[in-house]
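Okay, so here's the structure we're looking at.
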Amino acid sequence: MKRILKLPIFIWCILTLVVYGSVWVSPELFKYSGLVSLGIPFLLILNLIFFLIFLFARSRIAVIPAVLLLIGLPFIKSTFSLSKSNEAPSSFQVMNYNMMRMNKGNEKDMLQWIASHPCDIKCFQEFLGSKNVMKAISQSGKYNSFTGGYADSYAIFSKYPILNKGVFYEKQTSNNIIFADLKIGKDTLRVYNVHLQSMSINVDQEVIDQAEFEKKYETVRRKFQDGSVRRTAQINDLLKHAENITYPIIIAGDFNDIPYSYNYFKISREFNNAFEDAGRGFGFTYNGKLPFLRIDNQFYNSKLKALDFNTLSEIDYSDHFPVVGIYSISH
């Protein structure tokens with residue numbers, strides 16, 4: 001029996017390690033790495049099942065899936081968090097929210113909620129920057145504001161003074177990155193508001209509808225691969241832009257990447273993730289037909305401490321849920 005199992009177990013170990021290792025391979029070098037990494041959550045579940053089966057069978061083979069689960073701990077950490085909220089007298093709140101350009105037919109309620117939320121810093125993507133919207137948010141908490149990118153679809157609202165600001169890509173593109181330096185007491189905080197390359201995939205037709213998915217499989221695959229490569233380039237630009245900043249940094253927004261990707265782990269090697277350090281549960285942020293996705297994030301550097309992080313899943317005004325992180329500046 002043991003001899004029969006040896007080859008399949010060896011193959012399974014190699015397969016698991018190869019899929020785990022895909023997060024270290026840039027889509028720019030191997031265009032399929034993003035697709036390969038989609039298998040990580042399934043391998044984690046299967047290894048857990050195998051571990052329980054062999055454990056109850058009192059087989060020493062249970063050690064193998066147990067080791068594979070231990071190797072996969074970084075992926076488990078990025079999937080589920082059990083952190084406790086903390087408090088600090090000098091903390092501040094940061095929200096990021098993809099507003100879907102208020103296209104869900106609930107503009108009045110959405111605007112009222114956005115304007116009334118007391119967050120100190122608000123970062124919006126797919127922002128509808130009309131004068132009425134700007135005025136309502138700015139006056140609600142006496143916010144300073146900065147909008148930029150294609151059709152001013154990015155916005156940063158801050159209760160703190162804005163010292164410096166900028167846009168990454170001047171060329172008119174729907175995906176972009178803006179940034180602002182904020183004065184918080186004696187400290188300066190750099191905030192990046194990001195909306196990385198979208199997939200441009202119609203989920204209802206090209207993914208959910210099986211017949212349509214089979215017909216357009218090559219198109220969907222190409223869109224996924226192209227999106228991964230473009231996001232890698234954008235992340236490289238972002239990290240290079242931030243590498244010489246000596247003060248606190250927060251990178252907030254819609255990353256359009258799941259926590260099992262090269263792009264997610266590339267940022268994670270340089271910055272901490274607020275959900276992993278201060279969140280609770282699974283923290284799914286996509287409010288669409290593929291509901292089990294966490295693609296909206298807040299990353300921060302060692303000059304800050306994440307005290308709390310929440311996904312506001314009760315706020316149903318967009319195809320994304322807003323997320324709110326609470327931070328203090330480390331001195």
Item to check | Same apolar cluster: Val36 and Ile71, side chain cutoff 4.5 Å | outcome: yes
Next on the checklist: Are there over 12 heavy-atom neighbours, none belonging to Gln112, within less than 6.0 Å of that residue's CD?
Outcome noted: no
Checklist entry - What closest approach, in Å, do Asp319 and Met100 show between heavy atoms, and which atom pair accounts for it? => result N-SD, 3.5 Å
Checklist entry - Are any of the side-chain nitrogens in Asp308 or Lys84 under 4.0 Å away from the carboxylate oxygens of its partner? => result no
Next on the checklist: With clusters defined by side-chain heavy atoms of hydrophobic residues (ILVMFWY) lying less than 4.5 Å apart, directly or transitively, does Ile121 cluster with Val167?
Outcome noted: yes
Next on the checklist: So for atom CZ, which belongs to Arg58, do other residues, nucleotides or ligands contribute more than 12 heavy atoms lying within a distance under 6.0 Å?
Outcome noted: no
Next on the checklist: With heavy-atom distances below 4.5 Å as the criterion, would you say the side chains of Asn272 and Asn301 are in contact?
Outcome noted: no
Item to check | pair Val133-Phe127: side-chain heavy atoms closer than 4.5 Å | outcome: yes
Checklist entry - When the ring planes of Phe284 and Phe292 are compared, do they come out parallel, tilted or perpendicular, using 30° and 60° as the limits? => result perpendicular
Next on the checklist: For Met99 and Phe124: C-alpha separation, side-chain torsions, deciding distance, then whether side-chain contact (heavy atoms from CB on, under 4.5 Å) applies.
Outcome noted: CA-CA 7 Å; Met99 294 172 59; Phe124 299 118; 3.6 Å; yes
Item to check | CZ on Arg230 to CD1 on Ile235, rounded to 0.5 Å | outcome: 14.5 Å
Checklist entry - Shortest non-hydrogen contact from Gly34 to Ser37? => result O-OG, 2.9 Å
Checklist entry - Any side-chain donor-acceptor pair under 3.5 Å between Tyr32 and Ser22? => result no
Checklist entry - For the atom pair CD1 (Ile315) and CE (Met110), what is the distance rounded to the nearest 0.5 Å? => result 10.0 Å
Item to check | Side chain proximity check, Glu276 to Ser78, heavy atoms < 4.5 angstrom | outcome: yes
Item to check | Shortest non-hydrogen contact between Ile40 and Val23, atoms and distance | outcome: CD1-CG1, 3.7 Å
Checklist entry - With no hydrogens and no angle check, do the side chains of Ser198 and Asn175 hold a donor and an acceptor under 3.5 Å apart? => result yes
Checklist entry - Near Lys159 NZ, under 6.0 Å, is it more than 12 heavy atoms from other residues, nucleotides or ligands? => result yes
Item to check | Phe42 CZ: over 12 foreign heavy atoms closer than 6.0 Å | outcome: no
Item to check | Asn310 and Arg280: side chain donor to acceptor below 3.5 Å | outcome: yes
Next on the checklist: The test is side-chain contact (heavy atoms from CB on, under 4.5 Å); show your working for Phe54 and Val63 and say whether it passes.
Outcome noted: CA-CA 9 Å; Phe54 289 126; Val63 172; over 6 Å; no
Checklist entry - Do the side chains of Ile258 and Leu38 get nearer than 4.5 Å, heavy atoms only? => result yes
Next on the checklist: Does Phe179 form a ring pair (Phe, Tyr, Trp, His ring centres under 6.0 Å) with His241? I'd like the steps, not just the answer.
Outcome noted: CA-CA 10 Å; Phe179 66 92; His241 193 273; 4.8 Å; yes
Next on the checklist: Once rounded to the nearest 0.5 Å, what's the spacing between atom SG of Cys123 and atom CD1 of Ile156?
Outcome noted: 5.0 Å
Next on the checklist: Consider ring pair (Phe, Tyr, Trp, His ring centres under 6.0 Å). Of Tyr264, Phe271, Phe275, Phe309, which one does Phe299 pass it with?
Outcome noted: Tyr264
Item to check | Beyond-backbone contact of Asp277 with Tyr300, side-chain heavy atoms, under 4.5 angstrom | outcome: yes
Next on the checklist: Is there a path of hydrophobic side-chain contacts, each under 4.5 Å between heavy atoms, that joins Ile76 and Leu70?
Outcome noted: yes
Checklist entry - Looking at Leu307 and Ser91, what are the two nearest heavy atoms and their distance? => result CD1-CB, 3.7 Å
Checklist outcome for this item: On a heavy-atom basis, the closest approach of Tyr262 and Pro27 is CD2-CD, 3.5 Å
Checklist outcome for this item: CZ of Phe51 to CG of Asn47, rounded to nearest 0.5 Å, is 11.0 Å
Checklist entry - In terms of heavy-atom contacts, does NZ of Lys165 have more than 12 from other residues, nucleotides or ligands at under 6.0 Å? => result no
Checklist entry - Is any NZ, NE, NH1 or NH2 atom of the basic residue among Asp257 and Arg294 found under 4.0 Å from an Asp or Glu carboxylate oxygen of the other? => result no
Item to check | Atom CZ of Phe265: over 12 foreign heavy atoms under 6.0 Å | outcome: yes
Next on the checklist: Could you work out, with side-chain hydrogen bond (donor to acceptor under 3.5 Å, both in side chains) as the rule, every residue matching Tyr327, not counting sequence neighbours?
Outcome noted: Gln298
Checklist entry - In Å, rounded to the nearest 0.5 Å, how long is the span from CG of Asn263 to CZ of Arg231? => result 6.0 Å
Checklist entry - Just checking, is any N or O donor in the side chain of Thr311 or Ser313 under 3.5 Å from an acceptor N or O on the other one? => result no
Next on the checklist: Applying side-chain hydrogen bond (donor to acceptor under 3.5 Å, both in side chains), can you list everything that pairs with Gln234, at least two apart in sequence or on another chain?
Outcome noted: none
Checklist outcome for this item: Closest heavy-atom pair, Ser153 versus Tyr150, reported as atoms and distance to 0.1 Å, is OG-O, 2.7 Å
Item to check | ILVMFWY network linking Ile114 to Val94, side-chain heavy atoms under 4.5 angstrom | outcome: no
Checklist entry - Quick one: ring-ring contact (aromatic ring centres under 6.0 Å, His included) partners of Phe50, sequence neighbours excluded? => result Trp12
Next on the checklist: We want to know whether Asn96 and Gln125 form a side-chain donor-acceptor pair, criterion being a heavy-atom distance below 3.5 angstrom.
Outcome noted: no
Next on the checklist: If we ignore hydrogens and angles and just use 3.5 Å, is the side chain of Thr147 paired with the main-chain N or O of Asp152 as donor and acceptor?
Outcome noted: no
Next on the checklist: What I'd like to find out is whether the side chain of Ile329 reaches to under 4.5 Å of the side chain of Lys305, using heavy atoms alone.
Outcome noted: no
Item to check | Glu107 and Leu128: CA distance, side-chain angles, deciding distance, side-chain contact (heavy atoms from CB on, under 4.5 Å) verdict | outcome: CA-CA 10 Å; Glu107 294 90 345; Leu128 183 63; 5.6 Å; no
Checklist outcome for this item: In this structure, NZ of Lys142 is separated from OG of Ser158 (nearest 0.5 Å) by 14.5 Å
Checklist entry - Between the side chains of Asp316 and Asn287, does any donor sit under 3.5 Å from an acceptor? => result yes
Checklist entry - Just checking, is any N or O donor in the side chain of Asp181 or Thr188 under 3.5 Å from an acceptor N or O on the other one? => result no
Next on the checklist: Donor-acceptor pair, distance only, cut-off 3.5 Å: does the side chain of Asn297 make one with the backbone of Asn273?
Outcome noted: no
Next on the checklist: Could you check whether any side-chain heavy atom of Asp187 comes within less than 4.5 Å of a side-chain heavy atom of Tyr247, counting everything from C-beta outward?
Outcome noted: no
Checklist entry - Is there a side-chain contact (heavy atoms from CB on, under 4.5 Å) between Ile251 and Val194 once you walk through the steps? => result CA-CA 7 Å; Ile251 304 171; Val194 311; 3.8 Å; yes
Next on the checklist: Is there a side-chain contact between Tyr154 and Asn176 in this structure, where contact means two heavy atoms from C-beta onward sitting under 4.5 Å apart?
Outcome noted: yes
Checklist entry - If two hydrophobic side chains count as joined below 4.5 Å and joins carry through other members, does Leu238 share a cluster with Leu196? => result yes
Next on the checklist: For Phe75 and Tyr20, I'd like to know if the aromatic rings sit close, meaning centre-to-centre distance below 6.0 Å.
Outcome noted: yes
